Structures are given as C-alpha cells and as structure tokens.
Amino acid sequence: MKKNQIKTVKGFNEVLPPESFRWRMVEDKFRDLLEGYGFAELRLAMLESTELFARSIGDETDIVEKEMYTFLDRSERSLTLRPEGTASVVRAFNQYSFGKTSEINKLYYVGPMFRYERPQKGRYRQFHQLGAEVFGEASFYQDAETLVMLAQLFHTLSVEGVILHLNSLGCEACRPAFRDQLKSFLLDRQTSLCSDCQRRIQENPLRALDCKNPACREAVVGAPQINESLCDDCRDHFSGLCGLLDDAGLDYQVNSQLVRGLDYYTRTTFEFLAGDLGAQNAVAAGGRYDRLVEELGGKPTPAFGFAIGFERLMMLAGDKLAPLSSPFAALVPLGEAALRRLFPIHVNLNRDAQVTTLSFQQKSLKSQLKKADKDGVMYALIVGPDELSQEIAICRNMRTKEQTQLPLRNLEEALQELYHEC
RNA sequence: GUGGGUAUAGCUCAGUUGGUUAGAGCGCAGGAUUGUGGCUCCUGAGGCCGAGGGUUCAAAUCCCUUUACCCACCCCA
C-alpha cells in the first residue's frame, strides 16, 4: 500500500467480486420471495431530516443519542444518513398517501444503512439491510405470515441454526401500567444497576431488561414480566400468533426479556438469532408498530415490519450458494485477421448471457488455452491463418480433448446450438 | 467511548540473540513444447517490512508516537 493511497473510510466496507455475485444471488432470492407474497419495492432516499429519526426511533435510544451520522448541510439544515429503514418507509407512506390508494400496503427495500459504531465482526458503519413493512393490517395472521416468510427465506438459503425469539411489548392500553410497575421495581434496586440503566429507569425502563451487564442481569431477575400484564387484546393477539406458528411448524422461543432498541414497537417483537455469528448474533429482527404512522403525522395505521442484516445473512449463507457459472466457450484467435473475424460472433453471442470469452491481446495458443481451462469453458474454438484460409474453426472439447471442425460461416449459429444443448 | 491483538509481495504467512542483496507457498507472466490446457521442471516480474520519529557502526527486528485492520465490551441488523 503506497503512502498516499486513498482508502475507504473506517467501517465502510465494499463488496467485491466474487462476493458481489453471491450478494446478487441472495438479494434475488429475497426479492422473489417477497414479491411472491405481494410486496413491492421502494427505493428511498438515504439522507433524511434528523427530526424523522429522533421522532420515530426515539431520542432516548442509543442509535439517536450516539450512533447517527448527523451533520449540517450548506443551508444549516440538520440531516442524517439513515440508520435504519422503517422510519423512511413510514415517512414515504405518509408523504405519498399510500394509505389512501389501497387498504393494505406491502413494501420492501434493500440498501445501505449508516451507524457510527466501532466496527467489528458482523458490524459495520455502512451496512446493508433487506427489510419489509406491511401497513393497514392489524391481524396476528399478518405477524405469522411475515415470520413464516422469513423462515422460508432462511430455508431457501440453506441457513440453519437460526432461532426465532418472540415477545409481546403490549400496547398503549397495557404498557403504561407495566412501565410504572417495572419502574418502581428498578428504583428499588437502583444501586445495583449500571449507570446506563439508572438513567434508563425514567425514560426507557424496558431497555434495562435487555442490558447485558452481569450486575443488571442479576438485578432484574424476578422483575415483573410484560406477558403477565398484557391486556386481553394483546394477550389474544400474542396467543393467536403463537398458535399459527405452531400450526406452521415453526419453532420459536418466547423470551420475555426481548426488548427492541427502537421505541416504536408495540405488541409483537422478534429476533432471529444465529448461533455462529459471534457477538453480533441477530440476523433479522422487527415487530409490530401500530402507533408509528400516526406519530409521524399519518392516519392511525397498524403496521408490521422487519429488517435483515445483509452482511450477517451472507456470513451464514455465503459458502452454501451455488458456484458461479462459467462461460461456455473460449474463442481463440491466432493473429489479427482471426481476431477480427471472431469479434462480431463474440459480441452477438454475449447479448443475453456470457457464452464466449475472447482475448484481444494476440496471445499464444498455449496461454489462451490455459486461460480457457482456468475459466472452466466446455469448448475452445481455435482460428488461425490455416483455418481462415479453409473457412473453418477447430472446436476442441476441453474435457475429452476431442477436436472437430466447424464451418466459420455458421460458427455463431453452431455455437448457439451447442450452448442450448447443454 | 473502553479493552486486547495484529500490520512484511496481489493473497496466506516465515524471518533466530539487531548483522551483507528480505524469503516461502499460492497467484501472475514467460519458457521447456516454432499452433494445443490441467501434471512436472526452469525463469521472471512484483516490497519505502503500515506511517513518522528515536537508539545503534548497523533496525523488518529494540524504544516512542501515530494510523489502519481484527476481536471483545457496548450497541444492534
């Protein structure tokens, strides 16, 4: 690395070949699955008004307090690179009045998110999420459909050992009472909590349940459980969902400590946890957020959504994907005249798929065949001065070493035919 | 923001108590075979030893500073 070499900024990792091919395969599978369930893609802005995230994610959350890329632009507006996708989707849902044109809206997105954190395994400052949101459906059937769909995605990608953790956070009817109950529980044990949790008692007491500090974990043993104070509606919603998951044969663990780092969730919340991802073990997470659309200025609209960490998904799925396909044949010209003759055939054949390779560099037969072998082609089509004068091409089967002659005049059609045969 | 580790060729890594011109494997290029791939053999290109400073006759090696990367805490997808 040269002294003045300019490099990517810290934590902004790029995806290079051949990894980029694998990303495309996984992304395509995600799109196919989601579109099969009636979702449509939204391609949204990556830069938003800071206020959007402060209002949706919650200004007491770690994300908003210390992890956002926030700056003033030349007009002194406070802008933020999006740290997650849901806020933007809800903003768009309201801005473009999706709710008025259709009862149910199912939307998905794929793209980079930005959080200013110390990078480590499975965590980057620019990372990518595959996410989806469903608006206008309050039924627990929707929660179940979405969770089963996610499990299907993992199955399609041969990702194993991912466990669904599930909880309900209640709604505005039952959560306030629980919060108060939890608050007084925590206040009694205030001195044994970490400083973060002491601060959280007032603004975000639920978060203390999820703290990983050993002292806090011990202190919250015996804390009031949210699922014991759910209202009847929330209880029915949660047990209805669990019943549907049982019917679908989808395993899950109810985890009453599971709290999301974002404030907007109500009722169902979940995480898909993977055993072999190290410390960053949540590969997908989400839940229901029935109040957020209204809080961001829209009509009251129930909603359910999730996001998948693309990098984390790739760590689980990456090496199980099908190998990359090879080009079918190598065109091997010897001399300028042969190259010139083969060029139009080459470009015509590659219109829809990579059928042929062609070197423009006048390399030796030996090195061209070497390259053809490395590329894994089925055939090499050799055309030199001798073949040109006889109007033929030598067609060498790279596996059997068998060589036949093809008329140069119909070479394009002959290759086309061979290609479609295999 | 807090710890720990690492930094030598495109990649993976050796490099002794400081001592001539810094090494291997893989990869890349060429040749052995004037027009036939994989195996083998030979040859070659490719390095400011992360950067800056210091100690020394002499530094990849010792000291200081700094940066980047990795892992963990934290947070989360």
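Keep in mind it's a predicted model, so treat the numbers as computed, not measured. Throughout, protein chains are lettered first and strands after them, A, B, ... in sequence-line order, and every chain is numbered starting at 1.
Rounded to an integer number of Å, the gap from NZ of K374(A) to P of C26(B) is 14 Å. In this structure, K7(A) places its NZ atom 7 Å from P of C69(B), rounding to the nearest Å. As a whole-Å value, the separation of Y124(A) OH from A68(B) P is 17 Å. At whole-Å resolution of the value, CD in Q362(A) and C1' in G35(B) are 14 Å apart. Atom CD in Q129(A) sits roughly 14 Å away from atom C1' in C75(B) (whole-Å rounding). Taking atom CG on L316(A) and atom P on A77(B), their separation rounds to 16 Å, with Å as the unit. Following rounding to the nearest Å, R118(A) (CZ) and G5(B) (P) show an atom-to-atom distance of 14 Å. We find that CG of L365(A) is positioned 15 Å from C1' of G30(B), with the value rounded to whole Å.
Rounding to the nearest 0.5 Å gives a distance of 6.0 Å between SG of C395(A) and CG of L418(A). Separation of atoms CG (L166(A)) and CG (L258(A)) is listed at 8.0 Å; rounding is to 0.5 Å.
Using a 4.0 Å heavy-atom criterion, one finds that P385(A) contacts the bases of the nucleic acid, with or without backbone contacts as well. At a threshold of 4.0 angstrom between heavy atoms, the contacts of E387(A) include nucleobase atoms, whether or not backbone atoms are also involved. Among the atoms of the strands shown, none is found under 4.0 Å from any heavy atom of G131(A). Heavy atoms of K66(A) sit nowhere under 4.0 angstrom from any nucleic acid atom. Contact annotation for G376(A): no contact, since no heavy-atom pair falls under 4.0 Å across all strands. Residue-level contact check: I382(A) touches the bases, meaning some heavy atom is under 4.0 Å from a base atom. The residue A372(A) sits apart from the nucleic acid: no heavy atom pair falls under 4.0 Å.
Nucleotide C48(B) has no partner under the Watson-Crick or G-U criteria, as no pair reaches both atom distances under 3.5 Å. Summarising the base pairing, A60(B) is matched to no nucleotide, lacking a Watson-Crick or G-U wobble pair whose two defining distances lie under 3.5 Å. Pair assignment for U40(B) gives A32(B), based on Watson-Crick or G-U wobble hydrogen-bonding distances that are each under 3.5 Å. Nucleotide G10(B) has C26(B) as its partner under the Watson-Crick or G-U criteria, with both atom distances under 3.5 Å. Under the Watson-Crick or G-U wobble criterion, with both distances below 3.5 Å, C69(B) is paired with G5(B).
Comparing A9(B) with G54(B), their C1' atoms are spaced 28 Å from each other, to the whole Å. Nucleotides A7(B) and G15(B) are separated by 10 Å at their P atoms, to the nearest Å. The P atoms of C74(B) and A58(B) are separated by 49 Å, rounded to the nearest whole Å. Comparing the same atom, C1', in C57(B) and in C48(B) gives a spacing of 22 Å after rounding to whole Å. Spacing between C28(B) and U65(B) at atom C1', rounded to whole Å, works out to 38 Å. When the P atom is compared between U66(B) and G27(B), the two are found 41 Å apart, to the nearest whole Å. Using atom P as the reference point in both C11(B) and G50(B), the two lie 13 Å apart (nearest Å). Comparing the P positions of A60(B) and C70(B) gives a spacing of 28 Å, expressed to the nearest Å.
Here the side chain of K363(A) is nearest to one of A29(B), C76(B), G37(B), namely A29(B). The side chain of I394(A) lies closest to U36(B) when the candidates are U36(B), A72(B), G38(B). With distances taken from any side-chain atom of K366(A) to the nucleotides A77(B), G35(B), U33(B), the minimum falls on U33(B). Side-chain atoms of L334(A) lie closest to G35(B) of the nucleotides A77(B), G35(B), C71(B). Closest approach to the D62(A) side chain among C71(B), U36(B), C75(B) is made by C75(B) (side chain taken as heavy atoms from C-beta onward). The side chain of R396(A) lies closest to U36(B) when the candidates are A77(B), G35(B), U36(B). Closest contact between the side chain of N13(A) and the listed nucleotides G35(B), C70(B), G38(B) involves C70(B).
Ion pairing between a basic and an acidic side chain is recognised when a charged N comes within 4.0 Å of a carboxylate O; E27(A) and R24(A) show no such pairing. Ion pairing between a basic and an acidic side chain is recognised when a charged N comes within 4.0 Å of a carboxylate O; K106(A) and E145(A) show such pairing. Between E137(A) and R288(A) there is no salt bridge, since no side-chain nitrogen of the basic residue lies less than 4.0 Å from a carboxylate oxygen of the acidic one. E41(A) has a carboxylate O that lies under 4.0 Å from a charged side-chain N of R31(A), or vice versa, which qualifies the two as a salt bridge.
The base of C74(B) lies close enough to the side chain of R123(A) for a donor and an acceptor atom to sit less than 3.5 Å apart. In this model, a side-chain donor or acceptor of K401(A) finds a partner on the base of G38(B) within 3.5 Å. In this model, no side-chain donor or acceptor of Q368(A) finds a partner on the base of U36(B) within 3.5 Å. Interface remark: the E67(A) side chain does not form any donor-acceptor pair with the G1(B) base, using a distance-only criterion of under 3.5 Å.
Remark: the N13(A) side chain and the T8(A) side chain contain no N/O donor-acceptor pair separated by less than 3.5 Å.
Nearest-nucleotide positions on RNA chain B for P119(A) and E271(A) put P119(A) closer to the 5' end.
In this pair, F30(A) and Y108(A) present their aromatic rings perpendicular. The plane angle is above 60°, beyond the 30 to 60° band.
We find that the ring of F310(A) and the base of A77(B) do not stack by the test of centres under 5.5 angstrom and planes tilted less than 30°.
For the ring pair (Phe, Tyr, Trp, His ring centres under 6.0 Å) test with Y116(A), the passing option among Y69(A), F127(A), F12(A) is Y69(A); the others fail.
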